[in-house]
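Please read the structure below before turning to the comments.
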Amino acid sequence: MPETKGSFQLSGIVTGTKKDGFFKELKTKNHKDMAITNFGVTYEPEKTLYINLQGIEQDNVYFSKKSEKKGEKAETEKVPWANRFDFNRDGFRMIGKNIGVQKITNEKGEEVNDKKILTDYDAAKEVGKYLVDDKSVFTRGNFDYSHYTDDDGNVRRSVKLVPQQVSLCKPIDFADDDFIPTADFNQTIIFMGIEQEKENDKATGRFIVSAKIVNYSTIEDAEFIIEEKKLADLFKKNLKPYTAIKVSGKMTCNTQTEEVEDDDSWGEEDKMEKANAPVRREFVITGAKPSTIDKELYTEEKMNAAYAAIAKKDKAENDFGDTKTNEDWGEALATADDDDTWD
């Protein structure tokens, strides 16, 4: 079943690089080197989204060369991991992350980004070594939808922002009259339903869209928000469950607060606001493309068959161990972004 693709672009000011959890290096259970980087991008005052970049040492890396003939597949070359920095065939570029977090001086005497294409592992190390707080950065990438069951049996859902590019950009000034926040996303969803959002049994005026997301090997539940009633009415009128459609909108985050009272005072009590963790992150749909509606690709029957296949695979892995190998990196060749753009 085809994956439902999604992507984001985000600009802002870097934060969190001084925290202990910013960069980690460790060994996997298979004794492979692993690097993990987590940092924040403040895209407008007091609003921060977090980026997760991680990678594991692989057996091989892959390079790609565009075909000169229109419609012909790109030529690919598999290179041993140890030789990834030495491969230099004309026209080939590594399938990896676009990273530019250092400044260099070019032959014209201009200060520019040191642009590199790196494996996930090397990209995480590069960002972990050179990215610092208060730098302005542009990042774009894809989403990683997942879920797990906590110790109390509750299903917890997660959406990670996984970058394909991290680049220093022109300094961002929130006080500039021309400043416009950049925290955009698009996502193909499998629509399952829409209902009014309620708090304390009262309608908030917003709407919750329930959806399914098809990953490479799982199907995940997801929720999106619609704030405009007119758009919500279009969804309700024109979409039925198991209909695919491409949506777009804004990523937002809000610090959830509660009012607490300080009873250690003379006279009237001091009422304060206390921040609750975690920050509430939402994907607010502001538009959709009706031309992308597909009623046949993800029918209920096909989805049920996919669920059965996933359950069978999971059982086999539990019984015999995970049969996936490091060669699975090659699956990326079918969907790799070969865009030379460095925004």
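Only this structure's heavy atoms are used, side chains among them; waters, hydrogens and symmetry mates stay out.
Separating the CD atom in Glu25 from the OH atom in Tyr121 is a distance of 5.0 Å, to the nearest 0.5 Å. Between the CD atom of Glu197 and the CZ atom of Arg206 there is a distance of 4.0 Å, given to the nearest 0.5 Å. Distance check, rounded to the nearest 0.5 Å: CD1 of Ile189 to CD of Glu223 gives 11.5 Å. Atom CG of Asp114 and atom CG of Asn106 lie 11.0 Å apart (nearest 0.5 Å).
Side chain of Arg84 to backbone of Leu118: no donor-acceptor contact under 3.5 angstrom is found. Looking only at distances, a side-chain donor or acceptor of Asp173 sits under 3.5 Å from a matching main-chain atom of Ala175. Checking side-chain atoms of Ser136 against main-chain N and O of Ile172 turns up a donor-acceptor pair under 3.5 Å. Panel note: side chain Glu195, backbone Phe207; no donor-acceptor pair is recorded below 3.5 Å. Panel note: side chain Asn113, backbone Leu168; a donor-acceptor pair is recorded below 3.5 Å. At distances below 3.5 Å, at least one donor-acceptor pair connects side-chain atoms of Asn238 with backbone N or O atoms of Leu234. No donor-acceptor pair closer than 3.5 Å links the side chain of Thr218 to the backbone N or O of Asn215. For Asn200 (side chain) and Lys202 (main-chain N/O), no donor-acceptor pair under 3.5 Å exists by modelled atom type. Using a distance-only test at 3.5 Å, with no hydrogens or angles considered, no donor-acceptor pair links the side chain of Ser167 to the main chain of Phe138. Not one N or O on the side chain of Ser7 forms a donor-acceptor pair closer than 3.5 Å with the backbone of Asn142.
For Lys27, the side chain to side chain donor-acceptor pair (under 3.5 Å) partners at least two apart in sequence or on another chain are Asp33. For Glu296, there are no side chain to side chain donor-acceptor pair (under 3.5 Å) partners at least two apart in sequence or on another chain. Taking the salt bridge (charged side-chain N to carboxylate O under 4.0 Å, His left out) definition, one finds that Lys135 meets it with nothing, sequence neighbours left out. Gln196 meets the side chain to side chain donor-acceptor pair (under 3.5 Å) test with no other residue; sequence neighbours excluded.
No more than 12 heavy atoms of other residues, nucleotides or ligands lie within 6.0 Å of NZ in Lys198, so this atom counts as exposed by the packing criterion. The number of heavy-atom neighbours closer than 6.0 Å to NZ of Lys103, taken from other residues, nucleotides and ligands shown, is above 12. Other residues, nucleotides and ligands contribute over 12 non-hydrogen atoms within 6.0 Å of the NZ atom of Lys313. The number of heavy-atom neighbours closer than 6.0 Å to CD of Glu228, taken from other residues, nucleotides and ligands shown, is 12 or below. Around atom CD of Glu110, more than 12 heavy atoms belonging to other residues, nucleotides or ligands sit under 6.0 Å away.
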Side-chain donor-acceptor pairs of residues 12-22 under 3.5 Å, sequence neighbours excluded:
unit_1 : atom_1 : unit_2 : atom_2 : d
Thr17  : OG1    : Asp133 : N      : 3.0
Thr17  : OG1    : Asp133 : OD1    : 2.7

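For residues 156-168, the salt bridge (charged side-chain N to carboxylate O under 4.0 Å, His left out) pairs, not counting sequence neighbours, are Asp150-Arg156, Arg157-Glu220, Arg157-Asp221.
Leu297 and Phe191 fall into different hydrophobic clusters, defined by Ile, Leu, Val, Met, Phe, Trp and Tyr side-chain heavy atoms under 4.5 Å apart, directly or through other members. Phe224 is not connected to Tyr242 by any chain of hydrophobic side-chain contacts under 4.5 Å among Ile, Leu, Val, Met, Phe, Trp and Tyr, and they are in different clusters.
In this structure, Tyr50 has its ring center no closer than 6.0 Å to that of Phe39. Ring centroids of Phe174 and Phe179 are separated by less than 6.0 Å, placing the two rings close together.
Nearest heavy-atom pair, Val214 versus Pro2, reported as atom, atom and distance to 0.1 Å: CG1-O, 3.5 Å. Ala74 and Ser64 make their closest contact through CB-OG, 3.5 Å (heavy atoms, listed as atom of the first residue, atom of the second, distance). A pairwise comparison of heavy atoms in Ser67 and Glu72 identifies OG-OE2, 3.0 Å as the closest pair. For the residue pair Asn98 and Arg93, the shortest heavy atom distance occurs at OD1-NH2, 3.6 Å. Taking both residues in full, the closest heavy atoms of Lys125 and Phe23 are given as CA-CE1, 3.8 Å, listed atom of the first, atom of the second, then distance. The shortest non-hydrogen separation linking Tyr43 to Thr252 is OH-CA, 3.3 Å.
By the 4.0 Å N-to-carboxylate-O rule, Lys78 lies too far from Asp59 to be salt-bridged with it. Comment: Glu282 engages Arg280 in a salt bridge, judged by a side-chain N to carboxylate O separation of less than 4.0 angstrom.
Annotation: side chain of Ile95 is not in contact with side chain of Phe63 (no heavy-atom distance under 4.5 Å).
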Would Gln102 and Glu126 satisfy side chain to side chain donor-acceptor pair (under 3.5 Å), going step by step from the backbone distance to the final call?
CA-CA 9 Å; Gln102 297 184 74; Glu126 180 85 356; 2.8 Å; yes

Are Thr48 and Thr42 close enough, and set up right, to give a side chain to side chain donor-acceptor pair (under 3.5 Å), and what steps lead you there?
CA-CA 4 Å; Thr48 302; Thr42 301; 2.8 Å; yes

For a side-chain contact (heavy atoms from CB on, under 4.5 Å) check, start with the C-alpha distance between Leu161 and Asn52, then their side-chain angles and the critical distance, and finish with the verdict.
CA-CA 6 Å; Leu161 276 59; Asn52 178 271; over 6 Å; no

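Screening Phe8, Phe143, Tyr145 for a ring-ring contact (aromatic ring centres under 6.0 Å, His included) with Phe283, the sole residue that qualifies is Phe143. With Glu75 as reference, Arg89 is the one residue of Lys65, Lys66, Arg89 to meet the salt bridge (charged side-chain N to carboxylate O under 4.0 Å, His left out) rule.
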